[in-house]
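Take a look at the structure set out below.
Here is the naming used below: chain letters follow the sequence lines, and residue numbers restart at 1 for every chain.
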Protein chains: 2
Amino acid sequence: MTDTRLTRSEAKDLTRRRLIRAALAILDEEGEAGLSTVKVAKAAGIAQSSFYVHFKDMQELLRVLADEGGERLFEAMRAARRKAREAPDDLERHRDTFRIPLVAICRHPELLRIQLRARYDPSSSLRDFAVATAAAHREHHAADLAALGYTADDERDRRRLEMIAEGINAATNALAMGHLEGRYPDLDEAADILTALSRGALRLLRSTSAKTTPAEADVISEPPARS
Amino acid sequence: MTDTRLTRSEAKDLTRRRLIRAALAILDEEGEAGLSTVKVAKAAGIAQSSFYVHFKDMQELLRVLADEGGERLFEAMRAARRKAREAPDDLERHRDTFRIPLVAICRHPELLRIQLRARYDPSSSLRDFAVATAAAHREHHAADLAALGYTADDERDRRRLEMIAEGINAATNALAMGHLEGRYPDLDEAADILTALSRGALRLLRSTSAKTTPAEADVISEPPARS
DNA sequence: AATTTCACCGATAGTACTATCGGTGAAAAT
DNA sequence: ATTTTCACCGATAGTACTATCGGTGAAATT
């Protein structure tokens, strides 16, 4: 058995980690409004005043939380991209581009929930983090799409690729939350939808990349044949 | 000139409306956390204690706000659907299905902002409203898609249609916010992207509506020809 | 062994907000 | 003309939280 005795700095670090964990849990369960030094300290098992031994104020704790969350998110994203690149063929790679983020989100739903809340909330200390995270996601996704062969050459196409990435990301988040809420039990089905959504958009990109007209000619849809 | 003299009930109603307006403005600018009876009453030009002449508490004001906002939103949605139905041909109708909601959102961005914030915030009094609004949007959109000919017969297809509607709605919101943030200056471009996104998804729906296999056979994409 | 350090404690002053109270004057009812 | 009603006011008790302070004991240093 290892020594259960801890040095002072080890004990301090442990308490600090407990505070961060407690804050994350409360943030997820009650939202930013439910967060207070009283609750966090109590949940971590120390006195309210001792909170200030570890953090200057709640803002600082949230900053640390955002940094760590961002790190975890980026690591998950990197891993997902690496994994998708290893897919055997183009088709699998395309599907994985959408399925893997879904799975990653559902593994740590609290990070997405917190991000979605903070994203448009001017009172949130995490807003900058949320906006930055969303922007990073958007760029990474645009890069993924570019890697699938849909590079954009001119200004308009670049903007379109960005819009597609943003739209798909929003859809990914929405479907992931729907899955977590129990509405869409099968993640693979959701991934199929996302794959199809992106195909449609990229088809537009491709069909008009050389022309200057709005050109919807080759994507006009007729209603499906009913059985 | 009409009589500027107001009856007591007219004056009271005016004050009530000022409170609601003030609350909406503060909610949009500072978020739910920035809302207090002090600020709202002051902004409406009355004493803090007089707030309670009009509302039992802040919750009640928010409930009223949600009711009125929901009413406005539903009216806008109804009008948009009516307008889209009047489009001359299928192509225009399809585009309008996506462009009109975008325009509607950008006309009253505060409602969407408030809704997006409250949607996943457990501490928000407006959460129920936001969830209900999102669900209504989803259903309406699914109905719109069905009206375009993409009816779903079995359970799986219905779920898929719902997922597509939810995904497209999320993308619509995201692009609208992107437009309001200045990233996507042209709403028509955004509408094109949404149209294309939905086409891709509906193509999937159509291609597999009679089969039981995942069947991506006819939607395999090859990278676009580079110039 | 003596001294210093410091993570943690309880107490508390300060801040912001909620919700109630009695008072006031003008509108409304009699 | 008199009385009643009531929208609004200022004052204030109560609540929840923040952030600081001096004190304490065990770990760390000397």
Whole-Å distance between dA11(D) C1' and Phe51(B) CZ?
-> 19 Å
Whole-Å gap separating P (dA7(D)) and CZ (Phe55(B)) | 13 Å
Which of these nucleotides, dT18(C), dA7(D), dA19(D), is closest to any side-chain atom of Asp57(A)?
-> dA19(D)
Determine: side-chain N/O of Ser50(B) to OP1/OP2 of dA7(D), distance under 4.0 Å, yes or no.
-> no
Round to a whole Å and report the spacing from NE2 of His54(A) to P of dT20(D).
-> 16 Å
For residues Ser125(B) and Gln59(B), is any side-chain donor paired with an opposing acceptor at under 3.5 Å?
-> yes
Parallel under 30°, tilted from 30 to 60°, perpendicular over 60°: which one fits the rings of Phe98(B) and His141(B)?
-> tilted
Between OH of Tyr52(A) and C1' of dA19(D) the distance, given in whole Å, is 5 Å
Partner nucleotide of dG25(D) by Watson-Crick or wobble geometry (both distances under 3.5 Å) = dC6(C)
Can you find a heavy atom in the side chain of Arg117(B) that is under 4.5 Å from one in the side chain of Asp28(B)?
-> yes
Take the protein atom CD of Gln48(B) and the nucleotide atom P of dA19(C), then report the distance between them rounded to whole Å.
-> 9 Å
Would you indicate which nucleotide in dA19(D), dA7(C), dA28(C) comes nearest to any side-chain atom of Thr7(B)?
-> dA28(C)
Hey, which sits more toward the 5' end of DNA chain D by its nearest nucleotide, Thr15(B) or Arg8(B)?
-> Arg8(B)
Round to a whole Å and report the spacing from CD of Glu10(A) to P of dA7(C).
-> 13 Å
For the side chain of Ile46(A), counting heavy atoms from C-beta on, which of dT18(C), dC9(C), dC9(D) is nearest?
-> dC9(C)
When the distance from CG of Leu35(A) to C1' of dA16(D) is rounded to whole Å, what number comes out?
-> 14 Å
Measure the distance from CE on Met58(A) to P on dT15(C) and round it to the nearest whole Å.
-> 20 Å
Whichever of Gly45(A) and Lys39(B) has its nearest DNA chain C nucleotide further upstream toward 5' | Gly45(A)
Classify the side-chain pair Thr133(A)/Gln115(A) by whether it contains a donor and acceptor separated by less than 3.5 Å.
-> no
Answer yes or no: does a side-chain N or O of Thr37(A) lie under 4.0 Å from OP1 or OP2 of dC17(D)?
-> no
What do you reckon, is NZ of Lys39(B) surrounded by more than 12 foreign heavy atoms closer than 6.0 Å?
-> yes
Within less than 4.0 Å of OP1 or OP2 of dC9(C), is there a side-chain N or O belonging to Ser49(A)?
-> no
